[in-house]
Undergrad: 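Got a structure here, written out as structure tokens. Questions coming.
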Amino acid sequence: MDQAVAASLSPTVLDWQERVRSAHAHKTPLRIRGGGSKDFYGARLGGEVFDTRSYSGIVSYEPSELVVTVRAGTALAALEASLAECGQCLAFDPPHFGPEATVGGMVAAGLSGPSRAAVGAVRDYILGLELINGQGELLRFGGQVMKNVAGYDVSRLMAGAWGTLGLLTDISLKVLPMQRAQATLYYECTAQQALDKLSAWRAKPLPINASLWQQSGDGEQGHLLVRLRGAVAAVQSALDGMGGTMLDHGQADAAWLACREQQLPWFSAMDPSHALWRLSLPATTPVLPCTEEGLQPLMEWGGALRWVQAPMQHAQALQALATSVGGSAVCFRPGPQVGLVASDDFGLTPASPALRQVQQRLKHAFDPHGIFNPGRLGDWALS
């Protein structure tokens, strides 16, 4: 490493490099971990814990440029609070799943909240980042301004890689101003009626930011929530033409927070013997069949995201169902039978052999000895 570059680095980053080099030399697995709020996800969690929270803080923030550069170990809640002071936010509404969630974990998980269908995913807001690869080398991709796109796609690779490709240090993110107006509408309807409404609204220039349908008690009946965000005139015009009942802001904010953090009654009443499945489907996919207990899937993102509660034994059936309509199914929160199920049944490994080969080549290029988060995404990450 160039001496001038080394001198500008944080002692923490230099220590991290040495630790990774040692792990590489001895082929010692490392389990990269921020706040651990998403430890529930993954086929296997193994390796020596590598806690990133010692490297935290905002490196630079230019509200007028809509860009913030932050250290990976920074608490996600702290970053959002700093942005809110300037009337800005992370538009993709990232879930925390706990108070210890970090910015690095947010990027590594690549999970977006209720706003994702309207504003884009985590990866769409990554301008650049710095990471330590599996050989202890410090690499930089992208930049710290929105016009700088050198290495942009490489930066995006880290979103959803779950730490299997590298140890994130600094991350530059695009931020957006908070919308001037917001309202949430409530409708009592069946799942199919909700899909029909959402399909009709997609053809119109409405400021729909998020949607949620969930079952109400037994039977087919449920309720649909639709969040509007945008200019005052646009939101008011939508309210005048969409019908429904407008919720008060406190009730609406609580509902969307519970949705983002999976704290709705639909999630909290989950049978402990079941797993939670995440199905990504075309929004036009018809209503899915209920589980054996009569529980209907919870729907977000205009119908493109369906949450299903089912035993692990239903893995192949759910994956076949999702694949038949051009989607995918992933075991998001495993049930107690997880130890009896092969990693492929989680849906964590790429379905296409060609895609799996690309994943394996990327893994080898960034982490040739496979020391980072072995087993987290199934067997492909170990190849």
Side-chain angles (χ1 to χ4, degrees), residues 13 16 32-35 37-38 41 52 55-80 82-84 86 88-97 101-134 137-178 260 280 301 358-359 362-363 365-367 372-373 376-377:
V13 172
W16 283 7
I32 302 173
R33 187 178 189 269
S37 62
K38 301 169 186 69
Y41 187 92
T52 64
Y55 189 62
S56 64
I58 294 176
V59 178
S60 65
Y61 177 31
E62 297 294 339
S64 62
E65 298 293 333
L66 301 178
V67 173
V68 63
T69 298
V70 61
R71 291 170 173 169
T74 305
L76 179 54
L79 172 61
E80 290 180 324
S82 295
L83 296 176
C86 296
Q88 297 181 346
C89 65
L90 299 173
F92 48 89
D93 216 9
H96 292 213
F97 296 137
T102 62
V103 176
M106 173 195 77
V107 172
L111 299 175
S112 305
S115 300
R116 189 260 183 262
V119 304
V122 178
R123 63 176 179 269
D124 301 315
Y125 290 80
I126 299 175
L127 298 176
L129 54 76
E130 181 181 87
L131 64 84
I132 299 171
N133 68 8
E137 298 170 327
L138 189 67
L139 306 177
R140 292 189 178 96
F141 302 102
Q144 297 179 341
V145 294
M146 279 187 276
K147 292 182 180 179
N148 185 343
V149 295
Y152 197 70
D153 289 340
V154 177
S155 300
R156 289 182 170 191
L157 282 175
M158 303 304 145
W162 291 93
T164 60
L165 299 180
L167 172 61
L168 301 179
T169 57
D170 292 347
I171 304 159
S172 294
L173 298 164
K174 176 173 67 174
V175 300
L176 291 180
M178 294 179 178
R260 189 191 78 183
S280 297
W301 302 359
V358 171
Q359 296 273 32
L362 283 170
K363 176 66 174 173
F366 280 94
D367 182 19
F372 289 138
N373 290 0
R376 182 98 195 218
L377 295 183

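No hydrogens, no waters, no symmetry mates; every other heavy atom, side chains included, goes into these values.
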Undergrad: Any donor-acceptor pair under 3.5 Å linking the side chain of Asn373 with the backbone of Trp162?
TA: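 Answer holds: yes.
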
Undergrad: Looking at every heavy atom in both Pro177 and Cys89, which two are closest together, and how far apart are they?
TA: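 Closest pair (atom of Pro177, atom of Cys89, distance): O-SG, 4.4 Å.
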
Undergrad: Determine the sole option in Val122, Leu173, Val103, Val119 for which the side-chain contact (heavy atoms from CB on, under 4.5 Å) test with Leu90 is passed.
TA: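 The option that passes is Leu173.
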
Undergrad: Could you tell me whether the side chain of Ser155 and the main chain of Ile126 form a donor-acceptor pair under 3.5 Å?
TA: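 Not at all, since once roles are kept as given, no pair shorter than 3.5 Å links the two residues.
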
Undergrad: Counting N and O atoms only, with roles assigned by atom type, does the side chain of Thr102 sit under 3.5 Å from a partner on the main chain of Ala75, one being a donor and the other an acceptor?
TA: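 No; zero donor-acceptor contacts below 3.5 Å.
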
Undergrad: Measuring from atom NE2 of His96 to atom CG of Leu76, what distance do you get when rounded to the nearest 0.5 angstrom?
TA: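 Rounded to the nearest 0.5 Å, the NE2-CG separation comes out at 3.5 Å.
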
Undergrad: Where is the tightest heavy-atom contact between Ile132 and Val13, given as atom of each residue plus distance?
TA: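 The answer is CD1-O, 4.0 Å.
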
Undergrad: State, to 0.1 Å, how close Lys363 and Leu165 come at their nearest heavy-atom pair, and which atoms those are.
TA: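 Nearest heavy atoms, Lys363 then Leu165: CA-CD2, 3.8 Å.
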
Undergrad: Under the 3.5 angstrom rule, does the side chain of Gln88 hit a backbone N or O of Leu66 as a donor-acceptor pair?
TA: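 Pair absent, no side-chain N/O of Gln88 close to backbone of Leu66.
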
Undergrad: To check you understand the geometry: which heavy-atom pair defines the closest contact between Val70 and Gly57, and what is its length?
TA: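 Closest pair (atom of Val70, atom of Gly57, distance): CG2-O, 3.5 Å.
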
Undergrad: So, Ser172 side chain and Thr69 main chain: donor-acceptor pair closer than 3.5 Å or not?
TA: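 Checked: no pair found.
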
Undergrad: Nearest 0.5 Å, please: how far is NZ in Lys174 from CG in Asp124?
TA: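 If we round to the nearest 0.5 Å, Asp124:CG and Lys174:NZ are 7.5 Å apart.
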
Undergrad: Which pair of non-hydrogen atoms, one from Ser112 and one from Gly120, has the smallest distance, and what is that distance?
TA: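 So the two residues come closest at OG-O, 4.4 Å.
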
Undergrad: Any side-chain heavy atom of Leu168 sitting closer than 4.5 Å to one from Leu131?
TA: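 In short, these two side chains touch, coming nearer than 4.5 Å.
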
Undergrad: If you measure from CG on Asp170 to CG on Leu129, what distance do you get to the nearest 0.5 Å?
TA: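 These two atoms lie 9.5 Å from each other.
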
Undergrad: Using the six-membered ring wherever Trp is involved, compare the ring planes of Phe92 and Tyr125 and label them parallel, tilted or perpendicular (cut-offs 30° and 60°).
TA: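 The rings of Phe92 and Tyr125 sit tilted, inter-plane angle from 30° to 60°.
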
Undergrad: To the nearest 0.5 Å, what is the distance between CH2 on Trp16 and CG on Leu138?
TA: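 Between Trp16 CH2 and Leu138 CG, I get 11.0 Å after rounding to 0.5 Å.
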
Undergrad: Do the side chain of Trp301 and the main chain of Ser115 share a donor and acceptor less than 3.5 angstrom apart?
TA: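 Such a contact is absent between Trp301 side chain and Ser115 backbone.
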
Undergrad: How about Tyr61 and Leu83: do any of their side-chain heavy atoms sit closer than 4.5 Å?
TA: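 The answer is yes, as the side chains (C-beta and beyond) meet within the 4.5 Å cut-off.
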
Undergrad: Starting at CG of Asp367, measure out to OG1 of Thr164 and round the result to the nearest 0.5 Å.
TA: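 If we round to the nearest 0.5 Å, Asp367:CG and Thr164:OG1 are 8.0 Å apart.
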
Undergrad: Do the side chain of Arg33 and the main chain of Gly105 share a donor and acceptor less than 3.5 angstrom apart?
TA: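 Answer holds: no.
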
Undergrad: Is there a donor-acceptor pair under 3.5 Å between the side chain of Lys38 and the backbone N or O of Phe97?
TA: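 No, Lys38 side chain to Phe97 backbone: no donor-acceptor pair under 3.5 Å.
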
Undergrad: Minimum heavy-atom separation for Cys86 to Pro63, with atom names?
TA: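 Closest heavy-atom pair between Cys86 and Pro63: SG-CG, 4.0 Å.
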
Undergrad: If you round to the nearest 0.5 Å, how far is CE of Met106 from OG1 of Thr74?
TA: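 Reported value, rounded in 0.5 Å steps: 10.0 Å.
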
